[in-house]
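These notes are about the structure you will find just below.
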Amino acid sequence: MSNLESHNKQSHDKTATRPLTATVTTQSPVSRIARRTSGQSHGPITRLMSPSDFGHLLKPFVFLDLFDTQGKPNPFAGFGLHPHSGIATLTYVVEGSVRYEDTNGATGLLPAGGLEWMRAGGGVWHGGGTGEPGRTRGFQLWIALPPELELGPSESVYLSPDVIPHDGPARALLGNYGTAASSIKAPSPMNYLAVRLKAGERWSYQPPTGHSVLWTAVGMGSVVVANQPQQDELRQGELVAFKPSNSRMEFEAQSDAEFVVGSAVPHNYDLVLGSHSVHTSTEALREAEARISAIQTRLRS
């Protein structure tokens, strides 16, 4: 359901032009944490990262929403088709279900544990909303595409929970971890993992060589980074950016916890922003906007 970012468009515009200075903190030299934020909440959606703040620090990861309806009826019951270009979105449903549709011809219901991958390329339209009654929780991530893909064909993939590989408590949404390898071809070298731990359990992550971008966001419970002198607690609703390092990270759950971890080779390109798009140049953005307009004309006819 990669339409969640269109919820409260006015709030998105403000976030895209103003850093989250009120909620960002830095850590002492002992800590491996560079910055952390609790984002800005707009109803059931907490915007943890956008291209003008943490997205510059963590690109190719440029946008992250944590959504949680708390079981309230119809918090974002539906959005019409809306466009994207220059990015890929990955929506991971932790609890509940979401509806989806796109101009590649896909439509359906994504259950808990499933994911939607939408590589927008040079332009695509999609929409959706919450599915069956009850609480719906999850994460939506935007990934900036490299120049060779930002104007390429669009691709939509919808995976049910049973086909998402896992190694222990970690599910490989993108990339590889241990024996688990995602079937989705990542646009550049990166890993994106969903982890679930019981209170007291530990889990470690060794970033691959070259993955100097590293972050985590906690959807439920709390964890500490255990293998360092200062054991920083990461709490529900927080996103944490780590200092560049290739050393192993070890997480210990302080309570039952769910969190996502991303690592990647840096995206060494500019971020040129449109209303629903991110490109590497003004020229690429203009070309994509023309393609998006052409798709809209076909939809109206």
Restricting to pairs with a member in residues 248-259, which pass salt bridge (Lys or Arg N to Asp or Glu O under 4.0 Å), not counting sequence neighbours? Arg137-Glu258, Arg196-Glu258, Arg202-Glu250, Arg202-Glu252, Arg248-Glu250
Pairs involving residues 147-162, ordered by first then second residue, that meet salt bridge (Lys or Arg N to Asp or Glu O under 4.0 Å) (sequence neighbours left out): Arg119-Glu155
With sequence neighbours left out, which residue pairs that include part of residues 273-289 fulfil the salt bridge (Lys or Arg N to Asp or Glu O under 4.0 Å) condition? Glu287-Arg291
Considering only distance and modelled atom types, tabulate donor-acceptor pairs under 3.5 Å from the side chains of residues 172-179, sequence neighbours left out.
from: Tyr177; atom 1: OH; to: Trp203; atom 2: NE1; distance (Å): 3.0
from: Tyr177; atom 1: OH; to: Ser204; atom 2: O; distance (Å): 3.2
from: Thr179; atom 1: OG1; to: Asp167; atom 2: OD2; distance (Å): 3.2

Who clusters with Leu151? Use side-chain heavy atoms, under 4.5 angstrom, across I, L, V, M, F, W and Y, and order the result by chain and number. none
I'd like to check Leu234 versus Val224 (side-chain heavy atoms, cut-off strictly below 4.5 Å). Are they in contact? no
Should Met190 and Ile143 count as side-chain neighbours, where that means a heavy-atom distance under 4.5 Å? yes
Pro244: what forms a side-chain contact (heavy atoms from CB on, under 4.5 Å) with it, not counting sequence neighbours? Ser212
Holding to ring pair (Phe, Tyr, Trp, His ring centres under 6.0 Å), I want the full list of residues that pass it with Tyr92, two or more places apart in sequence or in another chain. none
Could you tell me which residues satisfy side-chain hydrogen bond (donor to acceptor under 3.5 Å, both in side chains) with Ser255, sequence neighbours excluded, listed by chain and number? none
What verdict does the ring-ring contact (aromatic ring centres under 6.0 Å, His included) test give for Phe61 and Trp215, after you've listed the backbone C-alpha separation in whole Å, the side-chain angles of each residue and the deciding distance to 0.1 Å? CA-CA 9 Å; Phe61 306 106; Trp215 60 274; 5.5 Å; yes
Tracing side-chain links under 4.5 Å among I, L, V, M, F, W and Y, which residues wind up in one group with Val265? none
For this output row, return yes or no: ring centroids of Phe251 and Phe259 closer than 6.0 angstrom. yes
Tell me every residue that passes side-chain hydrogen bond (donor to acceptor under 3.5 Å, both in side chains) with Ser85, counting only those two or more places apart in sequence or in another chain. Ser277, His279
Full working for side-chain contact (heavy atoms from CB on, under 4.5 Å) between Phe54 and Leu64: CA-CA 9 Å; Phe54 273 68; Leu64 184 71; over 6 Å; no
If we only count heavy atoms from C-beta on, is the His56 to Val62 side-chain gap below 4.5 Å? no
Test: Arg235 and Glu238 ion pair at under 4.0 Å: yes
Please go through Leu145's hydrophobic cluster and name the other residues, only I, L, V, M, F, W, Y counting, with side-chain heavy atoms under 4.5 Å joining them. Leu149
Just checking Trp125 against His84, ring centres under 6.0 Å apart? no
Output the distance between atom CE (Met49) and atom CG (Leu239), rounded to the nearest 0.5 Å. 5.0 Å
Just to verify, what does His211 make a ring pair (Phe, Tyr, Trp, His ring centres under 6.0 Å) with, not counting sequence neighbours? none
